[in-house]
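Written below as structure tokens is the structure these notes are about.
Both backbone and side-chain heavy atoms feed into the values below; hydrogens, waters and symmetry mates do not. Chain letters run A, B, ... following the sequence lines, proteins first and then strands; every chain starts at 1.
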There are 2 protein chains.
Amino acid sequence: MATTSWNDVKAARNGDSAVEAAYAAAQLAFELGEQVRAMREERGWSQRQLSALTGMSQPAIARFEAGGTTPTLPILERIAIAFDSTLSVQLKPKEVA
Amino acid sequence: MATTSWNDVKAARNGDSAVEAAYAAAQLAFELGEQVRAMREERGWSQRQLSALTGMSQPAIARFEAGGTTPTLPILERIAIAFDSTLSVQLKPKEVA
DNA sequence: AAACCTGATACCATCGGTGGTATGTCCTGG
DNA sequence: CCAGGACATACCACCGATGGTATCAGGTTT
């Protein structure tokens, strides 16, 4: 190890990673909620119909679409299946452009 | 009967996609774990170093990489940030031709 | 007006992921 | 042989997401 680089990296990020992650997750939850609402209305489904298809409760759908909670991957999978879609989760390297 | 099926199974699950979703989520968790492990080793980081960067515990990293648990979106965000990457979650239409 | 559907909110119980600690195993270096 | 690092597993406590129910507001229909 040259100059304890990972310690440097840690120190550099320690102050913002948690906050940044929380913000990013919240934003992601919001965007996913919007997308699901769009897909649902596109099909003319009510929240109850979608909740039945996904095995969720109607309140859960409402919370999710409002961005009130950060959905879990199993939930996203069920929603994806209900929409006959595929769930894609990827860690993509930030291109240095 | 051995032949049976997947057709029957698929037909039967038309109304309950819970099993399929659980399986898909587990597979997704496994693949994400593999990817994170690859990215971590690529950088020569130990689980402990990554745990420090993400604010997670080393056991949490181990469980995650082994696919033992399905990670939450905030956790994935923190890992993405630690790797200086971006997290992409999308519901893509399956559009079977 | 009443009956109905839709979506949003509140409350509570349960489940699953995580944090923390401790421990076990394997490997490498002293 | 012993010491240390790395990874895995076990146990427990806490927290967040979900399930379920009930309730409320808004709109539509009769």
Side-chain angles (χ1 to χ4, degrees), chain A residues 1 4 6-7 10 14 17-19 21-30 32-82 87 89, chain B residues 15-19 21-30 32-82 87 89:
Chain A
M1 73 196 245
T4 65
W6 79 269
N7 272 323
K10 171 188 173 183
N14 200 9
S17 71
V19 176
Y23 175 77
Q27 186 177 13
L28 188 56
F30 178 77
L32 283 171
E34 277 188 324
Q35 182 178 353
V36 168
R37 171 161 299 184
M39 295 177 74
R40 179 177 60 82
E41 292 179 341
E42 195 176 280
R43 288 163 174 74
W45 295 351
S46 67
Q47 288 184 345
R48 272 197 167 77
Q49 287 171 334
L50 180 56
S51 69
L53 284 171
T54 55
M56 303 171 62
S57 58
Q58 175 265 327
I61 299 287
R63 272 186 311 229
F64 171 57
E65 286 187 357
T69 59
T70 300
T72 60
L73 291 187
I75 291 294
L76 285 175
E77 281 286 355
R78 298 203 295 207
I79 293 176
I81 292 174
L87 175 64
V89 180
Chain B
D16 92 322
S17 53
V19 175
Y23 174 76
Q27 186 177 13
L28 188 56
F30 179 77
L32 284 171
E34 276 188 323
Q35 182 177 355
V36 167
R37 171 161 299 184
M39 294 176 75
R40 179 176 60 82
E41 292 179 342
E42 195 177 282
R43 289 162 174 75
W45 294 352
S46 67
Q47 287 184 347
R48 195 166 298 280
Q49 287 168 346
L50 179 57
S51 69
L53 283 170
T54 55
M56 302 171 63
S57 59
Q58 177 266 324
I61 299 288
R63 275 186 308 230
F64 170 57
E65 286 187 357
T69 58
T70 301
T72 59
L73 291 186
I75 291 294
L76 284 175
E77 282 286 356
R78 297 201 296 205
I79 293 176
I81 292 174
L87 175 64
V89 180

Does [X] reach a base, just sugar-phosphate, or nothing at all? Heavy atoms under 4.0 Å.
X: I75(B); value: sugar-phosphate
X: G55(A); value: sugar-phosphate
X: P74(A); value: nothing
X: Q58(B); value: base

Could you tell me whether the side chain of R78(A) and the main chain of T54(A) form a donor-acceptor pair under 3.5 Å?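 Yes, the answer is positive, given that a donor and an acceptor are paired below the 3.5 Å cut-off.
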Is E41(B) reaching over with its side chain to a backbone N or O of A38(B), donor-acceptor style, under 3.5 angstrom?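 Checking the backbone N and O of A38(B) against the side chain of E41(B), no donor-acceptor pair under 3.5 Å is found.
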Counting C-beta onward and ignoring hydrogens, is there a side-chain heavy-atom pair between L32(B) and T70(B) closer than 4.5 Å?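 With C-beta onward as the side chain, the pair stays apart.
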Taking atom [atom2] of [N] as reference, at what distance in whole Å does atom [atom1] of [X] sit?
X: Q47(A); N: dA8(C); atom1: CD; atom2: C1'; value: 8 Å
X: L76(A); N: dG16(C); atom1: CG; atom2: P; value: 17 Å
X: F64(A); N: dG7(C); atom1: CZ; atom2: P; value: 15 Å
X: E65(A); N: dG7(C); atom1: CD; atom2: C1'; value: 9 Å
X: Q49(A); N: dT6(C); atom1: CD; atom2: P; value: 7 Å

Taking 4.0 Å as the cut-off, does a side-chain nitrogen or oxygen of [X] come that near to OP1 or OP2 on [N]?
X: T70(B); N: dG17(C); result: yes
X: R37(A); N: dA8(C); result: yes
X: S46(A); N: dC5(C); result: no
X: R78(B); N: dG19(C); result: yes

For the CZ atom of R63(A) and the OG1 atom of T69(A), what is their distance to the nearest 0.5 Å?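 OG1 of T69(A) is found 6.0 Å from CZ of R63(A).
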Nearest 0.5 Å please: distance from the CZ atom of R48(A) over to the CG atom of L53(A).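 So the gap between those two atoms works out to 14.0 Å.
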Looking at every heavy atom in both P71(B) and F64(B), which two are closest together, and how far apart are they?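 Shortest heavy-atom contact: CG-CE1, 3.1 Å.
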In terms of the nearest nucleotide of DNA chain D, which residue is placed more toward the 5' end: R63(B) or E41(B)?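 Taking each residue's closest nucleotide, the earlier one in sequence belongs to E41(B).
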Start with the C-alpha distance between E65(B) and R40(B), add both sets of side-chain angles, then the distance that settles side chain to side chain contact (heavy atoms under 4.5 Å, CB included), and finish with yes or no. CA-CA 10 Å; E65(B) 286 187 357; R40(B) 179 176 60 82; 2.6 Å; yes
Considering only side-chain heavy atoms of P59(B), which listed nucleotide, dG7(C), dT21(C), dG19(C), is closest?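 Output: dT21(C).
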What is the 5' to 3' range of DNA chain D, first to last nucleotide, that sits under 4.0 Å from any heavy atom of chain A?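 Under 4.0 Å from chain A, the extent on DNA chain D is dA17(D) to dA22(D).
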